[in-house]
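Note: hydrogens, waters and symmetry copies are ignored here, and every other heavy atom, side chains too, is used. Quick note on labels: first sequence line is chain A, next is B, and so on, each numbered from 1.
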Number of protein chains: 2
Amino acid sequence: MGSKDRIARLKEETRINILKAALEIVQTEGWQALSMRKIADAIEYTAPIIYEYFANKEAIILELTRQGYLKLSKQLTEAKAQHTSPAKQLEDMWLTYWSFAFANKELYQIMFGINANCSCEMVNKLPEADCPWDIIADSIGKLMKIEDMESEVICTKYYTFWSVVHGLVSINFLDRGNSDEVNRQVLRDAVTGIIRSITP
Amino acid sequence: MGSKDRIARLKEETRINILKAALEIVQTEGWQALSMRKIADAIEYTAPIIYEYFANKEAIILELTRQGYLKLSKQLTEAKAQHTSPAKQLEDMWLTYWSFAFANKELYQIMFGINANCSCEMVNKLPEADCPWDIIADSIGKLMKIEDMESEVICTKYYTFWSVVHGLVSINFLDRGNSDEVNRQVLRDAVTGIIRSITP
DNA sequence: TAGATTATTTAACAGTGTTAAGCAAATGTA
DNA sequence: TACATTTGCTTAACACTGTTAAATAATCTA
């Protein structure tokens, strides 16, 4: 009766294929081009079988969003691990965040974008665990020498960082910004500026 | 032959009605609910009529976006007129920008949002005139005592302001932020901080 | 009033997300 | 082996979407 395992493995495989196909379509043709039939074509099935793996289209997008958070969190953790000083950690992490945004433009859109259409309150449906918050907030806490991780101060400072970085990312997505080099420098200046301002 | 004027006036009226209906739908049901047939219902016509006034759905959204920029520009100009000091002008204008974002959430989404779906590069199709840029940049120039309005410096500082404010707006749209009062204070602090940092 | 224009609608096409019904192949049971 | 049952998958359909072309209704002109 070990065949149960085999078919379970195959099922898991096509589930992954669905997500892979969806991401592929989105990254090459944009979000507006993502359709169930197009995904089905890519995985060489017909549309209805997708509903055996996901409740609906939104569930697929939600899962992609979740994977986006997971991916970002992983990159942030790696960046953090390369330094011991909280200040350097923060600097590297926000640069990593910046790079992630441009390397995964479409994912960033659903993760942090103000979506006019479709998946509106995606983020609220996600488990807290996949959130980059904890990873960064930890360094902020250490830098400011605050024990209580639930402190309002950390929260506020996190938003200060985030709003600046996300704002810069948004500008560049709307392609109203300067050159990549200039913006990277603006970002670095802004981040180090905030770090200096919150260092006791 | 004065009837020409009358029918022209009527045509203009239904054009306005289409836009009004579209905005109404969007503000009550969200962007994903906006459809040509729903607009037609609202103005008591059938869908194809709309195509005599707008090339397609995107053209309607684009016009709404344009009106959004116009509205914001007007409010910024009013706020600016209430002060003579460039510093106070900037402070008031960015608070106005902030208020506009929340009073016109849906408009703000298409104006400055990173739209995953639909109208992607809307903003690039708009006339420069309706852009809030000039109004704000002027005050930045006066504050920094820079004559040349095309200066890179002004541009950079504008983005510094904008990224912070837009970032904070985004946080609140994703509803991950603090209370309204707290955020307004964070905004005020950030804006006055930047003003101080660029005052010669 | 007859003819020409204009205004408006109906019908249709290709596409969307989604569900229900049907079929075919694999499996379990006797 | 023969039958019954479950499973995997497809076809067909529904109610939508944006958009276009053809048909009709209303108006204006002569």
Side-chain angles (χ1 to χ4, degrees), chain A residues 1-19 21-23 25-26 28-65 110 115-120 122 125, chain B residues 1-19 21-23 25-26 29-65 110 115-120 122:
Chain A
M1 202 62 68
S3 64
K4 274 276 184 226
D5 290 21
R6 197 197 69 235
I7 70 147
R9 218 160 44 230
L10 283 178
K11 280 215 149 214
E12 183 56 25
E13 197 174 318
T14 73
R15 202 190 113 95
I16 290 169
N17 283 340
I18 290 171
L19 292 167
L23 189 57
I25 293 165
V26 166
T28 56
E29 304 178 64
W31 282 105
Q32 91 288 134
L34 183 66
S35 82
M36 299 301 257
R37 286 175 176 85
K38 211 174 266 184
I39 295 173
D41 267 14
I43 63 169
E44 293 178 301
Y45 277 109
T46 48
I49 69 128
I50 302 178
Y51 291 86
E52 310 229 332
Y53 299 86
F54 295 94
N56 47 33
K57 188 182 176 182
E58 188 169 324
I60 298 176
I61 298 175
L62 184 64
E63 177 59 21
L64 287 179
T65 310
I110 40 168
N115 308 52
N117 228 328
C118 86
S119 52
C120 288
M122 287 264 109
K125 297 175 188 167
Chain B
M1 198 67 67
S3 64
K4 274 276 183 228
D5 290 21
R6 198 197 67 235
I7 71 149
R9 217 162 43 233
L10 282 177
K11 279 214 148 213
E12 182 56 26
E13 198 174 317
T14 73
R15 201 190 114 94
I16 291 170
N17 283 341
I18 290 170
L19 292 168
L23 189 58
I25 292 165
V26 166
E29 304 178 63
W31 282 107
Q32 92 288 131
L34 183 65
S35 82
M36 299 301 257
R37 285 173 176 85
K38 210 174 264 184
I39 295 173
D41 267 13
I43 62 169
E44 292 179 303
Y45 277 108
T46 48
I49 269 287
I50 304 177
Y51 290 84
E52 309 230 332
Y53 298 88
F54 296 94
N56 47 35
K57 188 182 174 182
E58 189 169 323
I60 298 175
I61 298 175
L62 185 63
E63 177 59 21
L64 287 179
T65 310
I110 41 168
N115 308 53
N117 227 329
C118 87
S119 54
C120 289
M122 287 264 110

Select one nucleotide: of [options], the one nearest the side-chain heavy atoms of [X].
X       : options                : answer
B:Glu52 : D:dC9, C:dA7, C:dT8    : C:dT8
A:Met36 : C:dT18, D:dT11, C:dT10 : C:dT18
A:Tyr51 : D:dG8, D:dT10, C:dT18  : C:dT18
B:Pro48 : D:dT19, C:dT10, C:dG17 : C:dT10
A:Lys57 : D:dC9, D:dT17, C:dG17  : C:dG17

Is the shortest side-chain N to carboxylate O distance from B:Glu52 to B:Arg15 below 4.0 Å?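 Salt bridge absent between B:Glu52 and B:Arg15.
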
What is the distance, to the nearest angstrom, from the [atom1] atom on [X] to the [atom2] atom on [N]?
X       : N      : atom1 : atom2 : value
A:Gln32 : D:dT17 : CD    : C1'   : 15 Å
A:Tyr53 : C:dG17 : OH    : C1'   : 19 Å
B:Ile50 : C:dT9  : CD1   : P     : 11 Å
A:Lys38 : C:dA14 : NZ    : P     : 17 Å
A:Asp41 : C:dG15 : CG    : C1'   : 13 Å
B:Glu44 : C:dT8  : CD    : P     : 12 Å
A:Glu58 : C:dT18 : CD    : P     : 9 Å
A:Ile49 : C:dT18 : CD1   : P     : 15 Å

Just how far is it from atom [atom1] of [X] to atom [atom2] of [Y], taken to the nearest 0.5 Å?
X        : Y       : atom1 : atom2 : result
A:Ile110 : A:Leu64 : CD1   : CG    : 5.5 Å
B:Tyr53  : B:Ile39 : OH    : CD1   : 13.5 Å
A:Ile18  : A:Phe54 : CD1   : CZ    : 5.5 Å

- Task: List the atom of A:Ala59, the atom of A:Ala55, and the distance in Å for their closest heavy-atom pair.
- Result: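 A:Ala59 and A:Ala55 have their closest heavy atoms at CB-N, 4.1 Å.
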
Looking only at side-chain N and O atoms, does A:Ser35 come under 4.0 Å of OP1 or OP2 in C:dT16?
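Result: yes.
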
message: Counting distance alone, no hydrogens or angles: does the base of C:dG15 have a donor or acceptor under 3.5 Å from a partner atom on the side chain of A:Arg37?
response: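 A donor-acceptor contact between them is absent.
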
Across the strands shown, which category fits A:Tyr45 at heavy-atom distances under 4.0 angstrom: base, sugar-phosphate, nothing?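 Sugar-phosphate contact only - A:Tyr45 comes under 4.0 Å of backbone atoms but never of a base.
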
- Under 4.0 Å between any heavy atoms, over every strand shown, what does A:Leu34 touch: base, sugar-phosphate, or nothing? Just pick one.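 It contacts sugar-phosphate atoms only.
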
